[in-house]
Visitor: 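Pasting in a structure now, in structure tokens, and then I'll have a few things to ask.
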Amino acid sequence: MFALRAGAVVAASMVTALAAQAGEVEVLHWWTSGGEAKAAKALQATLQAKGHSWKDFAVAGGGGDSAMTVLKSRVVSGNAPAAAQIKGPSLQEWAQEGVLADMSDVAATNQWDKLLPPVVGNIMKYKGKYVAVPVNVHRVNWLWANPEAFKKAGAKVPTNWDEFFAAAEKLKAAGIIPVAHGGQNWQDFTTFESVALGVGGTEFYKKALVQLDQATLKSETMTKVLTTFKRVKSYTDKNAPGRDWNLATAMVIRGEAGMQLMGDWAKGEFISAGKKPGVDFICTAAPGTAKAFTFNIDSFALFKLKNEANVKAQKDLAAAIMSPEFQEVFNLNKGSIPVRLGQDMSKFDDCAKQSSKDFVDTAKTNTLVPSIAHGMAVSSAAEGAIKDAVSNFWNSDKMTVAQAMDKIAAAARTK
Ligand code: BGC
């Protein structure tokens, strides 16, 4: 009897202790499409399994521009969320403001330095201390294609830009929209970046879009890139302006359009629609980019918090994000690959396996490059200015290639 009562007392005090430690984590993200929302749910479930509660702070808008605007106003008013989806050089910008929390203890306990490729770990650190935790590696230089549409058109899935335009002509002749595109500036920029990589190669890409070298931005190669980029537009439909990226993916899923140039979050949409890679859809490197990899790493910056229970919850979330279980379930839904080294890939499809292999291979050959369109390559100010210039050119009927080149080069000087 006594033993039973004592047991009950211990159990009750454990519940109290758990409840006392349970915190809330408010998470800002922009994962609202079908595949993205499933991945976000996996994050939520992981946190809740630790006994904490999740406060969803989703701000719709592909590429995250709207989310960043909302985040700024929240932080300025002294009301930062616990975690926010922030990437690349922007992490340094936020850390400089002194608002990010030091996660060194979590990183040391969980051996992040050993588990992350140095190229990734360095992005997450400010002055040697972890201020963010990565969730995945997205590859941006992909082309998605509908095999039925290609069959109907008698077209071959392209591996270079000549083949791309030949396939586009055939799709058009068969009454299929050749290229599914969403006319939003970040999507125009995503297309531009893949064209730049495919037409110019990795050395050009690095000089022009990472180092922002003026001479390269005004070169012969840049002329070719811009001409090719604008030619892609002629194969998009008239309803493209303003369209969300996932609606463009849905056009390829339905076979209404033949191809889409988009990062592998698009795969999350195919998967969430029950489609099988290699059967219902094809993933292949964007034309001319098979030996290169534009990386886009999603990460969560952790903001300084006052409430102790919430700090504990925030640290539990950061630790859980790097666990192999989370990396698997999240990335299976998201379309990306795990960021953790040595992760078991047996449950992943061929697109992910290819991506994983290419991520490692391109790192060795120096053809692994940061995505400028997805906030990995340059400061947010320069990125925004170049993105606008590129998008203006895409949308203008009057701007010449030479004028576009000047505008882009001028935008690249933005500090
Ligand atoms: C993010 C992805 C997201 C995509 C579309 C990218 O910038 O890295 O996680 O799925 O935008 O919203």
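Throughout, residue positions are numbered sequentially from 1 according to the sequence presented. The figures that follow rest on heavy atoms only: side chains count, while hydrogens, waters and symmetry mates do not. Remember, it's 1-based here, ligands and their atoms both numbered in the order they're listed. Computed from a prediction, not measured in an experiment: that's the story for all the values here.
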Visitor: Taking the six-membered ring of Phe393 (Phe, Tyr or Trp), confirm whether the NZ or CZ of Lys407 is under 6.0 Å from its centre and within 45° of its axis.
Guide: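 Not satisfied by the 6.0 Å and 45° rule.
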Visitor: Under 3.5 Å, side-chain donor or acceptor atoms of residues 242-253 against the rest of the protein: list the pairs with distances, not counting sequence neighbours.
Guide:
from: Arg243; atom 1: NH1; to: His181; atom 2: O; distance (Å): 2.9
from: Arg243; atom 1: NH1; to: Asp237; atom 2: OD1; distance (Å): 2.9
from: Arg243; atom 1: NH2; to: Asp237; atom 2: OD1; distance (Å): 3.4
from: Arg243; atom 1: NH2; to: Asp237; atom 2: OD2; distance (Å): 2.7
from: Asp244; atom 1: OD1; to: Gln184; atom 2: NE2; distance (Å): 2.8
from: Thr249; atom 1: OG1; to: Trp245; atom 2: O; distance (Å): 3.1
from: Thr249; atom 1: OG1; to: Gln260; atom 2: OE1; distance (Å): 2.7

Visitor: Between Lys38 and Glu269 (salt bridge meaning N to carboxylate O under 4.0 Å), is one present in this structure?
Guide: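 No salt bridge links Lys38 with Glu269.
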Visitor: Between Asp105 and Lys315, is there a side-chain N and carboxylate O pair less than 4.0 Å apart?
Guide: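 A salt bridge is present here (some side-chain N lies under 4.0 Å from a carboxylate O).
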Visitor: Pairing donors with acceptors under 3.5 angstrom, does anything connect the side chains of Trp54 and Asp56?
Guide: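 Note: Trp54 and Asp56 side chains meet the donor-acceptor criterion.
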Visitor: Report yes or no: is the cationic atom of Arg139 (NZ for Lys, CZ for Arg) under 6.0 Å from the centre of the six-membered ring of Phe295, at an angle within 45° of the ring normal?
Guide: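 Relative to the ring axis of Phe295, which defines the angle, Arg139 lies outside at least one limit.
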Visitor: With a 4.0 angstrom cut-off on heavy atoms, strictly below it, pick out the residues next to ligand 1 and order them by chain and number.
Guide: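 Residue list for ligand 1: Trp30, Trp31, Glu36, Gly62, Gly63, Gln85, Lys87, His138, Trp245, Trp265, Asn296, Asp298, Lys334, His374.
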